[in-house]
Every structure is written in structure tokens, then in C-alpha cells.
Amino acid sequence: MKLKTLAAVVVAAGMISSAAKAGPEVEVLHWWTAGGEAAAIKVLVDDFKSHGGKWTDMPVAGGGGDAARTALKARVLSGNAPTAFQMKGPSIQEWHEEGALTVGIDAVAKSENWDASLPAAIANHMKCEGKYCAAPVNVHRIDWIWANPKVLAKAGVAMPTTWDEFNAAADKLKSMGITPLAHGGQAWQDATVFEAVALGVGGNAFYKKAFVDLDPATLSGATMQKVFDQMRKMRGYVDANFSGRDWNLATTMVMNGEAAFQIMGDWAKGEFTNAGKVAGKDYLCAPTPGNGYLYNVDSFAMFNVKGADKIDGQNLLAKLIMGKNFQKVFNLAKGSIPARVDVPLNEFDYCARRSAYDMDVTSGNGGLLPSYAHGMAMRNAQAGAITDVVTKHFNSNMSSADAAKALAQGVKNSM
Ligand code: GAL
């Protein structure tokens, strides 16, 4: 055999053997590093591996995902996109407009009939020009209040159903030397509390006008000033060491009885669950005062990557994520409810069932609204402009009138 021919045979053999070796492969960038979050993503990793996949984990710590999004940008700009990234609502469209996403998983979505098992609103978020480019794992509710029942009993206060009741309970707790509100002073946590307050104080129509329509008069108006008045009260209910604290440490304060309440999305429940705590016994949950429901859907968006093994990996990942059993087990750990509408909730606790019930009711009366603080309501630039004002107000003596004015101005400048 001539040398050249031999070389060709060797190369071809190498190709065959490496093709035979290659299997589905993903590199997944995410920020699920707190106890409950890590337990939840482990469900996905294990499922993926048990189906013969190779999982490369790229966790970037930081609640709410700001640091992970910065890491993603750097990766994509340097031409080294991950296979999948945990992403939300409008930013899926933003990345699609940049040409960074693939709709390769649409074939899986069609053959598994995703359209039939997802609420239309969620399905639409997952699509890039009509084709699936992301797969949803859950629905998190944001407007929750978590409480330690022993602490409430000690102070003789009940779970509040109005903001006046919340303030009265918090004043009582404070007078007894108990921290009313466990909070971590990070911008996204301030925003999380702010949007729950806005929904309750302003009502559903107000929330929509302000944070979905970005109506300037609503952003700067009298109702927004009332929202900031309540935020000023909230500032008085946190402890002296709140600045910079991670959200899961705030949850631990409620768990340990160091604080009475936390206002946080139901990933906080993932922390309670991970610590072996039982809803209704060790901790309480209730929607923050109001009549709406702020939703936040976690999903994995698929990036344009080369190589059959990675494309196989995206398809396998998409298929597993939408599996009925996966959606149950994952969400039991994560604190959220399944994105699929056909997963029975009999193994879920009363918080999850309340979430599913309220989601159903509010989807019929205009109260089902996207979370601005968690990237569901508007583009990043506008959300960032709002959060800047919220955080500045929370950490200064800024008046409510000035804050409302700055809110409208900030949004305008960011357009
Ligand atoms: C949210 C995300 C949740 C949870 C939380 C705290 O934005 O949707 O899944 O992880 O951040 O990190």
C-alpha cells in the first residue's frame, strides 16, 4: 500500500472510531449553586448522564444570574458559546436577534408535541420566529412571603394579607427585637421585593402599565410614589447587616428563627426542602398581599455550536427537560411548579398547589403578569434602569417623588 493511501486509511479509521465514540455532549452555563438549586440541577445532570450523555458543568455563582449573564456574553463574544444557557423571556429573543441561538430542537419539540403540553404564553417565550430555541423547566412565582411560624407565634402575629397588616406585624416584631424581614442587599433582591410591593400596592393593572407597557405617566405617578413609600418602610424592617447578603443566607435566617419573613421567589422553598424542612410545619408560605401572580420561567436556550455530538446533546437535553417525570422531580427540588400542564401535583406541597391554582385563576382575570426583576417583562436595558433606581432609593434617603421621577427618566434614557 502506498504511503498516501495508508495515511488515508488511518485517517478514515480514526474518524470512524472517534465517530463511534462520540455521544451526546453538552456544556451548560447556569447559576444554580445554592443548596436547593444545586439539588435541582443535579436531577438534570443525572438524567442526562444516565442516557449516555456527557455533561460539562459551568456554574457561575450569584443569585439571580447577573454574573452568569456577564460570563455568557464574554463566551459568545469570543466565539466560544456554551451548548446551553439558563435563560428567560425577552432575553431569548435578544440573543436570537444577535444570531446566537439555534432552532435545532424544534424537531424534538414537534415530535414530542410540546405545543399541546405548555401554556401558550410559555411556549411563545421559548420560540424564535415560531420555532423552539429553548426548553422550559418550570414556573417560579415571585410574589411570595416566607415565614417562620414559631417566630410569628412568639410575637402573636399572623401571616399578613394586606400591606397594613404586614407593617403592623413587622412593627410588633421589631419592638420585640426580632428582625422582621430577612433580606440580602443585592440589586436583584431589592428588585424582587419592589415588584411584589408594586403588584400589591398598585394592583394588577398598575403593574402591567408600569412594567409591561413602560407607561411614563404610570412610572412617575402618585401610585408609584406609594410603592416607594412602602419600600421605605421595608428598609426599616431589615437588619443592620443586610448589605450584600446572598438570598439563601436570608432564607436561612427565617429557617433558624433569626428573622420572621422573607419576600422571595419560590426557589427559597428549594432551600427549605434541601434542609429537610416541611411546608406548613417548619415554615409558612403565602402570596404577598395583592391579587396577582408574578411568573418567572426558567429555560435552557440552545446556542449555535458545531459538532454532531453537541447537536445530539442539545436534542437529548431538550427531550429530557420536557419529560413528565423530570418536570416533577426537578420542581420538587427547585421549589417551582412544572411548566408542563399535565404533570400531577399530588406529591407537591400546599405552596406549589397554591401556585398552580393562582396561576390558573389569574390567567383568566389579567392578573398573571411577568416578573420584571427576573427578566420576563422587558429587555435588559430597561430592567437595569429600573433596578438602578430601586436600589439607589433603598440605600439612600431619596424621596418617593424623586424615585418615581427617576424611574420614568431612567426608562426613557434606556430606550
Ligand atoms: C432566578 C431564577 C431562579 C433562581 C433565582 C436565584 O432568576 O429564575 O431559578 O435560581 O434566580 O438564583
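Start at 1 and go down the list; that is how both ligands and their atoms are numbered. Throughout, numbering of the chain's residues begins at 1 and tracks the sequence.
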| message | So that I know where these two stand, are F228 and F194 an aromatic pair - ring centroids less than 6.0 Å apart? | response |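 Yes, close enough.
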| said: Can you confirm whether or not the ring centre of F300 sits under 6.0 Å from the ring centre of W32? | reply: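 F300 vs W32: aromatic centres under 6.0 Å.
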| request: Sorted by first residue and then second, give each disulfide (SG to SG under 2.5 Å) pair with at least one member in residues 53-85; sequence neighbours left out. | output: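 Found none.
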| message | Looking only at distances, can you tell me whether any N or O atom of W188, backbone or side chain, sits closer than 3.5 Å to an N or O atom of ligand 1? | response |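 It does not: no N or O of W188 is found under 3.5 Å from an N or O of ligand 1.
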| request: Quick one: sort the W146 and Y283 rings into parallel, tilted or perpendicular, breaks at 30° and 60°. | output: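 Plane angle between 30° and 60°, so tilted.
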| message | So if I apply the ring pair (Phe, Tyr, Trp, His ring centres under 6.0 Å) rule between H374 and each of W188, Y295, F211, which one comes out positive? | response |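 Going through the options one by one, the only one that passes is W188.
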| So which heavy atom in the protein is nearest atom 4 (C) of ligand 1, and how far is it from that ligand atom? | E37 OE2, 3.3 Å
| Considering only protein heavy atoms, which is closest to atom 8 (O) of ligand 1, and at what distance to one decimal place? |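 Of the protein heavy atoms, D298 OD1, 2.6 Å lies nearest.
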| request: Pick one of side chain, backbone, both or neither for how N296 approaches ligand 1, counting any non-hydrogen atom pair under 4.0 Å. | output: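 Just the side chain.
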Any atoms of ligand 1 less than 4.0 Å from a non-hydrogen atom of [X]? List them with their elements.
X: H374; value: 1 (C), 7 (O)
X: G63; value: 12 (O)
X: K334; value: 3 (C), 4 (C), 9 (O), 10 (O)

| Is there a heavy atom in G65 that sits closer than 4.0 Å to ligand 1? |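 In this structure, G65 fails to qualify as a contact of ligand 1 - no heavy atom is under 4.0 Å.
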Hey, can you pull the donor-acceptor pairs under 3.5 Å for the side chains in residues 174-182, sequence neighbours left out?
residue, atom, partner, partner atom, Å
K174, NZ, G236, O, 2.8
S175, OG, K172, O, 2.6

